[in-house]
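One-based numbering, in listed order, for ligands and for the atoms of each. Because only heavy atoms are used, hydrogens play no part in the values below, and waters and symmetry mates are left out as well, while side chains stay in.
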Amino acid sequence: MPHAIIAGTGRYLPDNILTNHDLEKMVQTSNQWIVERTGIQERRIAGKDVSASDLAVPAAKKALAAAGVAPEEVDLILVGTSTPDMFFPSTACFVQAKLGCVNAAAFDMLAACSGWVYGMSVANAFIRGGQHKTVLVIGAEVYSHILNWEDRATCVLFGDGAGAVVLKASDTADGILAANIFSDGSKSELLFAPGGGSRSRFTPELVAEKRYTLAMVGNSTFKIAVKMMADAATKAMKENNVTPADIKLVIPHQANLRIINAVAKQLGMPEEHFFSNLQKYGNTAAASIPIALDEALEQGLVAKGDLVLMVTFGGGFTWGSLLVRL
Ligand code: UT7
């Protein structure tokens with residue numbers, strides 16, 4: 001059975017920086033509160049006319065260049081996003097057209113912050129089964145468009161960006177060793193964007209009341225996230241008879257530094273083995289792990305042959321883990 005190996009990565013962040021001090025002028029918050037409770041110092045905000053595919057395309061171009069893969073060679077594009085360009089066509093179809101990936105099927109993975117890990121899991125299954133050989137898996141989000149900028153409990157947390165990975169079929173034993181995804185729809189109302197879908201269609205009232213924006217019960221989400229991320233990480237290691245000491249770097253979803261540190265504690269691993277860049281970007285939802293992976297590779301924190309564990313959690317609830325030998 002072929003293995004899915006990571007052949008190239010890329011990221012794209014909008015230039016515009018919104019600092020905690022900028023937010024102090026917009027809502028009743030403080031740099032101190034945001035840093036102490038989340039670790040976030042600043043985030044990137046896309047222009048008001050920028051869509052998810054606009055961020056996805058430059059990230060994907062960098063990943064393709066790093067992999068030495070031409071657009072025509074890509075046979076599948078998966079975009080993890082919960083801020084799609086529109087309901088349909090999928091953002092992946094827009095990406096396909098903009099990149100000229102004329103031989104690729106394309107669809108989105110709607111699993112909130114877990115969308116990219118879900119995409120990696122689906123891509124892995126397609127590659128292992130022989131159906132696809134060269135897959136672009138992208139996480140791309142413009143959460144700034146679905147935030148309530150008057151709600152201090154949520155607007156300080158998120159940022160915009162995109163990350164991309166090229167997966168290729170290989171007959172080596174490296175690549176994705178475990179890809180686990182989970183969900184629990186019974187807790188959907190703890191983290192959701194309720195308005196604008198077929199249940200609660202766009203009306204002038206819905207827009208006026210900002211019911212299309214993200215709403216979260218932060219505290220409950222925090223506790224469940226820690227448990228599920230630790231469980232998913234443990235499962236990926238156990239399946240492969242791997243111990244925490246074998247892992248070169250854990251790349252967790254970048255929601256909150258306190259969540260990351262709590263997961264490290266539960267796993268009995270040093271915090272220094274966990275990558276974080278949420279200080280600069282906030283929570284970029286489905287884009288957070290591929291952006292972080294690209295930065296970790298660029299910084300030389302991981303290299304070919306290293307074992308990397310990635311673990312995510314998001315609205316749905318959805319969560320999952322990936323164990324990869326680079
Ligand atoms: O990406 C998907 C997964 N996302 C997550 O996992 C996020 C999970 N949740 C969290 O990261 C944290 O729960 C938050 C960062 C959202 C909140 O931190 P917390 O320690 O759970 O605070 P809290 O919600 O319990 O709020 C504590 C206090 C409240 O005031 P009172 O009621 O104690 O007077 C809030 O009103 O902090 C207040 N507060 C703020 N104060 C200043 C909430 N947001 C802010 C703010 N600035 N931005």
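A salt bridge links D54 and K98; the closest N-O separation between the charged side-chain nitrogens and carboxylate oxygens is under 4.0 Å. A salt bridge does not link E36 with R258: every distance from a Lys NZ or Arg NE/NH1/NH2 to an Asp or Glu carboxylate oxygen is 4.0 Å or more. Between E42 and K280 there is no salt bridge, since no side-chain nitrogen of the basic residue lies less than 4.0 Å from a carboxylate oxygen of the acidic one. A salt bridge links K227 to D231: one of the charged nitrogens lies within less than 4.0 Å of a carboxylate oxygen.
Within the 4.0 Å cut-off (strictly below), a protein heavy atom is located near atom 10 (C) of ligand 1. By the definition of a contact as any protein heavy atom under 4.0 Å away, atom 22 (O) of ligand 1 is in contact. At least one protein heavy atom sits closer than 4.0 Å to atom 25 (O) of ligand 1. Atom 37 (O) of ligand 1 lies below 4.0 Å from at least one non-hydrogen atom of the protein.
For the residue pair T172/D174, the side-chain donor-acceptor check at 3.5 Å is not satisfied. In this structure, a donor-acceptor pair under 3.5 Å is absent between the side chains of T134 and E73. No side-chain donor-acceptor contact under 3.5 Å links E141 and T284. A side-chain donor-acceptor contact under 3.5 Å links S144 and D160.
Interface atoms of ligand 1 facing N256, defined by a heavy-atom separation under 4.0 Å, are 10 (C), 11 (O), 12 (C), 15 (C). Residue L191 has at least one heavy-atom neighbour below 4.0 Å for each of these atoms of ligand 1: 2 (C). Each of the atoms 5 (C), 6 (O), 8 (C) of ligand 1 lies under 4.0 Å from some heavy atom of I259. The ligand atoms of ligand 1 that sit less than 4.0 angstrom from a heavy atom of R258 are 18 (O), 19 (P), 20 (O). Every atom of ligand 1 is numbered from 1 in the order shown, and the set under 4.0 Å from a heavy atom of F313 is 2 (C). Within the listing of ligand 1, atoms 1 (O), 4 (N), 5 (C) sit less than 4.0 angstrom from a heavy atom of A255. Ligand-side atoms of ligand 1 in range of R37: 19 (P), 20 (O), 22 (O), 27 (C), range being under 4.0 angstrom from any heavy atom.
Side-chain contact check for P252 versus F313: every heavy-atom pair is 4.5 Å or farther apart.
Residue V27 does not touch ligand 1, judged by heavy-atom distances below 4.0 Å. Residue contacts with ligand 1 for V156 involve side-chain atoms from C-beta outward but no N, CA, C or O (heavy atoms, distance under 4.0 Å). Residue contacts with ligand 1 for T154 are absent, since no atom lies close enough (heavy atoms, distance under 4.0 Å). For F222, heavy-atom contacts with ligand 1 shorter than 4.0 Å involve the backbone as well as the side chain. Counting heavy atoms closer than 4.0 Å to ligand 1, residue T38 contributes side-chain atoms (C-beta onward) but none from N, CA, C or O. Under 4.0 angstrom from ligand 1, there are no non-hydrogen atoms of I34.
The protein heavy atom nearest to atom 16 (C) of ligand 1 is L157 CD1, 3.8 Å. Of the protein's non-hydrogen atoms, C113 SG, 3.5 Å is the one closest to atom 2 (C) of ligand 1. Taking atom 39 (N) of ligand 1 as the reference point, the nearest protein heavy-atom neighbour is W33 CZ2, 3.4 Å. Ranking protein heavy atoms by distance to atom 47 (N) of ligand 1, first place goes to T29 OG1, 2.7 Å. What sits closest to atom 1 (O) of ligand 1 on the protein, heavy atoms only, is N283 ND2, 2.7 Å.
Relative to atom 8 (C) of ligand 1, the option among G315, S220, G218 with the closest non-hydrogen atom is G218.
Using cut-offs of 30° and 60° for the angle between ring planes, the F182 and W319 rings count as parallel. Between F202 and Y212, the ring-plane angle classifies as tilted under the 30° and 60° cut-offs.
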Stepwise side-chain hydrogen bond (donor to acceptor under 3.5 Å, both in side chains) check, T213 with N148
CA-CA 6 Å; T213 60; N148 177 353; 4.6 Å; no
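Some N or O of R152 is nearer than 3.5 Å to an N or O of ligand 1, by distance alone.
For the pair S114 (side chain) and V117 (backbone), a donor-acceptor distance under 3.5 Å is absent.
When all heavy atoms of H253 and A285 are compared, the pair lying nearest together is CE1-O, 3.5 Å.
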